[in-house]
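Residue indices begin at 1 and follow the sequence shown.
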Amino acid sequence: GQKPPVAIIACPFRTDSPLFNFFGIVKRLGLELDRLEDGNGSAAGAAPGTNLSEAFYESSFVPLCGGGEGEEKIRWQHVAADPKFSPLNHDRVQ
């Protein structure tokens, strides 16, 4: 069978962030959503001119939305409401 399509998006942090609603829609549609995080669970990112090897060292895609319930649901809500960013993610993008 075919692999499902993959999309990569980046959203800068805003106090009026649409992410809470977006994550909720993704969850209701049954889609999977991962976030690129550093080894501490913060959104990984790099401002222009940053050493990319340093900025993304030990980063990986971590599931936010999928088929699970409980802790996973709390995680995406927390990430939408109070995201943490890696030290080199100066633009606060997730």
Is there a side-chain contact between F13 and L19 (heavy atoms, below 4.5 Å)? no
So which heavy atom on H90 is nearest to which on A47, and how close? CD2-CB, 3.8 Å
Shared hydrophobic cluster, V79 / L31 (ILVMFWY, side-chain heavy atoms < 4.5 Å): yes
Is there side-chain contact between R92 and P83, with heavy atoms separated by less than 4.5 Å? no
Scanning both residues in full, the closest heavy-atom pair of A43 with N89 reads O-ND2, 3.1 Å
Once rounded to the nearest 0.5 Å, what's the spacing between atom CG of D38 and atom OH of Y57? 12.0 Å
Closest non-hydrogen atom pair between A44 and S59, with its separation: CB-OG, 3.4 Å
For the residue pair A55 and G45, what are the closest heavy atoms and their distance? CB-O, 3.8 Å
Connected via hydrophobic side-chain network under 4.5 Å: V93 and L88: no
Taking the side chain as every heavy atom from C-beta outward, state whether F85 and D91 have any atom pair closer than 4.5 Å. no
Do the side chains of D34 and S60 get nearer than 4.5 Å, heavy atoms only? no
Should L29 and V26 be regarded as members of a common hydrophobic cluster, given that ILVMFWY residues are connected when their side-chain heavy atoms come within less than 4.5 Å of each other, either directly or indirectly? yes
What residue among E37, Q94, K84 forms side-chain contact (heavy atoms from CB on, under 4.5 Å) with S42? K84
When clusters are formed by joining ILVMFWY residues with side-chain heavy atoms under 4.5 Å apart, either directly or through shared neighbours, do L33 and I25 land in the same one? yes
